[in-house]
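Quick notes on the structure that follows.
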Amino acid sequence: MENQLKNAVVAAVEQLYGSAPDQSQITLQKTKKEFVGDWTLVTFPLLKLSRKNPAQTAQEIGDYLKENVSIVADINVINGFLNIVLKQGSWLDTLGKMDADANYGLVPVTENSPLVMIEYSSPNTNKPLHLGHIRNNLLGYSLAEIMKANGYKVIKTNIVNDRGIHICKSMLAWQKFGAGATPESVGKKGDHLVGDYYVAFDKAYKEEIKALMADGMSEDDAKKNAPLMLEAQEMLRKWEAGDAEVRALWQTMNQWVYDGFDETYKRMGVDFDKIYYESDTYLVGKEKVNEGLAKGLFFTKEDGSVWADMTDQGLDQKLLLRADGTSVYMTQDIGTASLRFQDYPINKMIYVVGNEQNYHFQVLSILLDRLGFEWGKDLVHFSYGMVELPEGKMKSREGTVVDADDLMDEMIGTATEISKELGKLDGMSQEEINAICTTIGLGSLKYFILKVDPRKNMTFNPKESIDFNGNTGSFIQYTYARIQSVLRKAAELGEVALGDVSLNEKEVALISTLASFPEVVKQAGKEYSPSLIANYTYDLVKEYNQFYHDYSILKEENEAVRAMRIVLSRNVAKVIKQAMALLGIGVPDKM
RNA sequence: GGUCCUGUAGUUCAAUGGAUAGAAUACGAGUUUCCUAAACUUUAGAUCCGGGUUCGAUUCCCGGCGGGACUACCA
């Protein structure tokens, strides 16, 4: 509809003023509520072509449209804004078409669709997931769904940082203080158990530092020479050397963590098509760097360390291999990229990683490009801001981290309480109650996080953010459930078909909002922005609730109008469900 | 110091360079014999400061001021 109008305006301008306008000169937007009309053309950019004042230009173009375009019913001009009223029939057509399309708003994926790989989550294996990971996971999953909806093949991937000094710390602490504890023996999720020992290490380590400093050692020296740290480093060396005992423990404890993560992922509703482990990729990275070195892309310093010179790009020199030949973060990412490239014909790579790593990805992009990866140059770092608490940043050492599992428990718990208070759960089985309250609790959490522009830092107030009224996930879910209830009753009346009826203002507004869904999906894909989908859905739902409040659906006496309202309602529900699916949020049939 | 991100009602968030800057919350005032009141209606409240470009700037550019991140042989 929008395109049809756009083309008509181009034709009008060409007819009237002799030359065709540029696409960028045509500003067509939805008419604001205060004015009469459906679409508004801003005429200012066209004045150069018309050589007339705004009002005149608008009037002339408007007259032409009214005369020559079948879907235009009427026009009015205010201050150089040309408001266009569309014919009722065209709205009914639009509604009919979307009603017939089960995949409304989605671009089908074909064999020739480009392949985009999305990396997200990427946890360390020494502690459980927290609120920051939740934002990452939700964004990554949603982005994948949005890209699919835009006709891309999508591979979701995860790089697990399973090796290094951090996991050795947990292992060491477990050996020393664990007394053989396992997730089963203490009845705790594996990731939490391993995280406990990471904390235990840190605590004991700090005490050692304090003691050494009391004996007169400087802080830096104390940190380096604390026995626990030396032991952890020794353990890492043994790991690198393939020491059987260390490797066995490493495998056991990592497996505990994976089992714990799996549970959390599953509950959160996110998944991966392919998981990479740093322990498998860091050696490939070393190889790649050495190849690059042989090709003269990198250089060696006197101590034997390998560097990339990025000064021609306005960046610094970047270390790729330490003097002892061991790898760093960048080396690993090069290796992972290399493996991925071998495994899949990647056209586009998106990394969902926090904005504190902007520099890293700037460098990685240049390095991959130099090493000959086709997608290296325009890899996308989907960079998102941090989640802060009202009192500031989360700090694991200070115990202010909001744990992912706890938070989900809390959300579901609150949803259950509120549902009970409202008497919504009467007569339901326990199973049904659990399913519904989980959907609601998680839906609110997800929506809360995804509705915010990803680039921005956001504040999460555990007390206040758990809200189920207003611009929230449950508001949207509630509306969906309400429509389902209407549709269930409508089904008893039999099949409905769209006839020729006249539409009221709210109905037109609703169809108009529904009609823009495909455009919103496209936009969200172009800008990598789940928040666009979230905010669109909220607008749609708010509009529907007003309509629902003002007009009856099933009790409407005019049969044709009733049928139209039922069709309208089921399409609102369809779009809500689809849009929420793009965010990874489920919708209940009742609540 | 340098690079990047960011600054909108008390608070949490919106606004392809377009009309009187939208919502939600919290605060006032209302709506249930009627399809689910987790809803709806309504009062009040905001673009950090100074320049520039433009018919028009919350948006783009420059300069301040405030917040954050990065600038590790940690990942």
Side-chain angles (χ1 to χ4, degrees), chain A residues 24 27-29 31-35 40 42-45 47 53-54 78-81 83 122 124 126 159 161 163-167 278 301 303 305-307 314-316 319-324 326-330 332-333 354-360 362 383 385-386 388 390 392-393 415 418-419 421-424 440 444 448 451-453 455-461 464-465 467-472 474-479 481-490 523 527 531-532 534-535 538-539 541-542 544-546 548-556 565-566 569 590-591:
Chain A
S24 65
T27 334
L28 210 51
Q29 55 198 217
T31 304
K32 301 217 168 196
K33 284 202 183 78
E34 311 88 87
F35 305 97
T40 297
V42 183
T43 56
F44 295 103
L47 299 183
N53 70 43
I78 297 168
N79 297 330
F81 292 88
N83 298 322
S122 310
N124 287 2
N126 61 330
I159 173 78
N161 177 24
R163 62 172 276 277
I165 193 75
H166 53 275
I167 182 71
E278 193 202 332
K301 288 197 176 172
D303 63 358
S305 55
V306 178
W307 295 73
L315 304 173
D316 284 334
L319 177 84
L320 299 177
L321 288 177
R322 296 190 188 99
D324 63 3
T326 54
S327 64
V328 292
Y329 179 33
M330 189 60 76
Q332 164 232 308
D333 257 3
N355 63 9
E356 72 273 14
Q357 292 188 32
N358 287 353
Y359 183 74
H360 174 80
Q362 205 184 341
S383 159
M386 327 188 91
E388 287 165 2
K393 270 186 74 171
I418 292 181
S419 301
E421 262 172 44
L422 293 172
K424 301 277 185 182
I440 297 171
S444 285
F448 180 84
K451 75 173 182 193
V452 180
D453 181 345
R455 278 173 313 185
K456 291 191 176 169
N457 287 0
M458 62 182 292
T459 309
F460 186 89
N461 185 333
E464 289 173 13
S465 299
D467 203 347
F468 296 88
N469 299 317
N471 186 357
T472 63
S474 46
F475 171 70
I476 293 167
Q477 291 172 323
Y478 172 71
T479 307
R482 222 182 195 187
I483 297 175
Q484 291 311 306
S485 171
V486 171
L487 293 180
R488 277 192 294 272
K489 287 175 182 153
Q523 188 85 355
E527 296 178 17
S531 69
L532 286 179
N535 288 314
Y538 175 68
D539 287 341
V541 165
K542 196 165 174 50
Y544 183 83
N545 276 328
Q546 289 167 4
Y548 181 92
H549 183 263
D550 291 352
Y551 300 96
S552 319
I553 299 166
L554 300 175
K555 298 207 166 98
E556 167 60 41
R565 287 184 184 161
I566 290 171
S569 296
K590 37 182 155 162
M591 67 184 268

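Proteins get letters first, then strands, A, B, ... in listed order; numbering begins at 1 in each.
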Next item on the list: Look at all strands and tell whether T326(A) reaches a base, only sugar-phosphate, or nothing, counting heavy atoms closer than 4.0 Å.
Entry: nothing
Check: Is the base of U41(B) syn or anti, if syn means a glycosidic angle within 90° of 0?
Finding: anti
Check: Is the base of C73(B) touched by the side chain of D303(A) through a donor-acceptor pair closer than 3.5 angstrom?
Finding: yes
Note to self: Is the base of G18(B) stacked against the aromatic ring of F44(A), taking ring centres under 5.5 Å apart and planes under 30° as the test?
What the structure shows: yes
Next item on the list: Give N53(A) one of three labels, base, sugar-phosphate or nothing, depending on what nucleic acid heavy atoms sit under 4.0 Å from its own.
Entry: nothing
Notebook entry, point to check: Would you say the ring centroid of F475(A) lies under 6.0 angstrom from that of Y538(A)?
Noted result: yes
Check: When we call it a touch if two heavy atoms are under 4.0 Å apart, what does A481(A) touch: a base, just sugar-phosphate, or nothing?
Finding: base
Margin query: Under 4.0 Å, counting only non-hydrogen atoms across every strand here, what does Q357(A) touch: a base, just sugar-phosphate, or nothing?
Written below: base
Note to self: Students often get this wrong, so: under 4.0 angstrom with heavy atoms, is S419(A) touching a base, only sugar-phosphate, or nothing?
What the structure shows: base
Check: Under 4.0 angstrom, heavy atoms only, what part of the nucleic acid is D316(A) near: base, sugar-phosphate, or nothing?
Finding: sugar-phosphate
Margin query: Just to be sure I understand the rule, does Y551(A) reach a base, reach only the sugar-phosphate, or reach nothing, if contact means heavy atoms closer than 4.0 Å?
Written below: base
Margin query: Quiz question: going by heavy-atom distance under 3.5 Å, is there a donor-acceptor pair between the base of A38(B) and the side chain of T472(A)?
Written below: no
Notebook entry, point to check: Contact class for N79(A) vs. all strands (heavy atom < 4.0 Å): base, sugar-phosphate, or nothing?
Noted result: nothing
Notebook entry, point to check: Rounded to whole angstrom units, what separation is found between the CD atom of E356(A) and the P atom of A72(B)?
Noted result: 16 Å
Next item on the list: Round to a whole Å and report the spacing from CZ of F81(A) to P of G17(B).
Entry: 15 Å
Notebook entry, point to check: Using a cut-off of 4.0 Å on non-hydrogen atoms, how would the nucleic acid contact of D453(A) be classed: base, sugar-phosphate, or nothing?
Noted result: sugar-phosphate
Next item on the list: Report which part of the nucleic acid E278(A) touches: base, sugar-phosphate, or nothing (heavy-atom distance under 4.0 Å, all strands).
Entry: sugar-phosphate
Note to self: In whole Å, measure the gap between the P atoms of U41(B) and U53(B) for me.
What the structure shows: 44 Å
Check: So, F35(A) versus F81(A), ring centres under 6.0 angstrom or not?
Finding: no
Next item on the list: Remember a base hit wins even if backbone is also touched, and classify V42(A) as base, sugar-phosphate or nothing at under 4.0 Å, heavy atoms.
Entry: base
Notebook entry, point to check: If you pin K424(A) and S305(A) to their nearest nucleotides in RNA chain B, which one's is more 5'?
Noted result: K424(A)
Check: Taking the C1' atom of each, how far is G17(B) from U11(B), in whole Å?
Finding: 29 Å
Margin query: Could you tell me how far U12(B) sits from A26(B) if I compare only their C1' atoms? Round to whole Å.
Written below: 11 Å
Check: Under 4.0 angstrom, heavy atoms only, what part of the nucleic acid is F475(A) near: base, sugar-phosphate, or nothing?
Finding: sugar-phosphate
Notebook entry, point to check: Touch check for Y538(A), heavy atoms < 4.0 angstrom, all strands: base, sugar-phosphate only, or nothing?
Noted result: sugar-phosphate
Checklist line | Distance-only donor-acceptor test, D467(A) side-chain atoms vs A38(B) base atoms, 3.5 Å | finding: no
Note to self: What stems show up for RNA chain B when you take Watson-Crick pairs (N1-N3 plus N6-O4 or O6-N4) and G-U wobbles (N1-O2, O6-N3), both under 3.5 Å, and require three or more consecutive pairs?
What the structure shows: B:1-7 with B:65-71, B:10-13 with B:22-25, B:28-31 with B:39-42, B:48-52 with B:60-64
Notebook entry, point to check: How close or far is atom C1' of C13(B) from atom CG of D539(A), stated in whole angstroms?
Noted result: 12 Å
Check: When we call it a touch if two heavy atoms are under 4.0 Å apart, what does L315(A) touch: a base, just sugar-phosphate, or nothing?
Finding: nothing
